[in-house]
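Worksheet: the structure to be examined is printed underneath.
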Amino acid sequence: QVQLVESGGGLVQAGGSLRLSCAASGSIFSINDMGWYRQAPGKQRELVARITSGGSTNYADSVKGRFTISRDNAKNTVYLQMNSLKPEDTAVYYCNAAIRVIMGSARRDYWGQGTQVTVSS
């Protein structure tokens, strides 16, 4: 059984910073891409940032220059450093990882339970 557990959400004033963490645990053979998505009330879930196992990254245009994604492969953990936060960044943030549970098996997407980020103006 694989679990993704997020932490680090909360309430912050505009211009402030938060750091999200997501640790994968359980029966894991390998992890490929890891990423962060967010969903605001009444909106569809959208990509925030992704990082490959080799460290290549991509970001949504709305967060470029403000957010930084990183990962620690030894700890099966992905981070999202969020700076210069804006009220429009308010959403539930979800961790995602493409995981292979045994050698030769297909990769499957796993999701965390979500963590609320609220930015006040």
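Excluded from the calculations below are hydrogen atoms, water molecules and symmetry mates; all remaining heavy atoms, backbone and side chain alike, are included. All of these numbers come straight from a predicted model, not from anything done at the bench.
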Is any side-chain heavy atom of Met82 closer than 4.5 Å to a side-chain heavy atom of Val63?
no
Can you measure from CG (Leu47) to CG (Asn96) and round to the nearest 0.5 angstrom?
9.0 Å
Tyr93 reachable from Val12 in the ILVMFWY side-chain graph, under 4.5 Å edges
yes
Is Tyr59 reaching over with its side chain to a backbone N or O of Ile69, donor-acceptor style, under 3.5 angstrom?
yes
Counting distance only, does the side-chain N/O of Arg107 pair as donor-acceptor with the main-chain N or O of Ala98 below 3.5 Å?
no
Take atom CD of Gln39 as the centre, draw a 6.0 Å sphere, and report whether it contains more than 12 heavy atoms from other residues, nucleotides or ligands.
yes
For Ile31 versus Ala97, what's the shortest heavy-atom pair and its separation?
CG2-CB, 4.2 Å
Look up atom CH2 in Trp111 and atom CD in Glu6, then write down how far apart they are to the nearest 0.5 Å.
9.5 Å
I'd like to know if the side chain of Arg71 reaches the main chain of Gly35, judged simply by a donor and an acceptor atom lying under 3.5 Å from each other, with no hydrogens or angles considered.
no
I want to check something: taking the side chain as every heavy atom from C-beta on, are Arg38 and Ser62 in contact at a cut-off of under 4.5 Å?
yes
Enter the distance from Asn73:CG to Ile51:CD1 here, rounded to the nearest 0.5 Å.
8.0 Å
Interatomic spacing from OG in Ser53 to CE in Met34 - rounded to 0.5 Å
10.5 Å
Just wondering, do Phe67 and Thr57 contact through their side chains at under 4.5 Å, heavy atoms?
no
Please say yes or no: joined through hydrophobic side-chain contacts below 4.5 Å, possibly via intermediate residues, are Trp36 and Tyr110 part of one cluster?
yes
Side-chain donor/acceptor of Arg100 to backbone N/O of Ser105, under 3.5 Å
yes
Check this for me: does any side-chain nitrogen of one of Asp89 and Lys86 sit under 4.0 Å from a carboxylate oxygen of the other?
no
I'd like to know if Leu85 and Leu80 are part of one continuous hydrophobic network [Ile/Leu/Val/Met/Phe/Trp/Tyr, side-chain heavy atoms within less than 4.5 Å].
yes
Kindly work out whether a path of hydrophobic side-chain contacts (I/L/V/M/F/W/Y, heavy atoms less than 4.5 Å apart) joins Tyr79 to Ile99.
no
From Tyr94 OH over to Thr115 OG1, what is the distance, rounded to the nearest 0.5 angstrom?
10.0 Å
Is it possible for you to say whether Leu4 and Val92 belong to one hydrophobic cluster, with membership spreading through side-chain heavy-atom contacts below 4.5 Å?
no
Shortest non-hydrogen contact from Ala14 to Pro87?
CB-CD, 4.1 Å
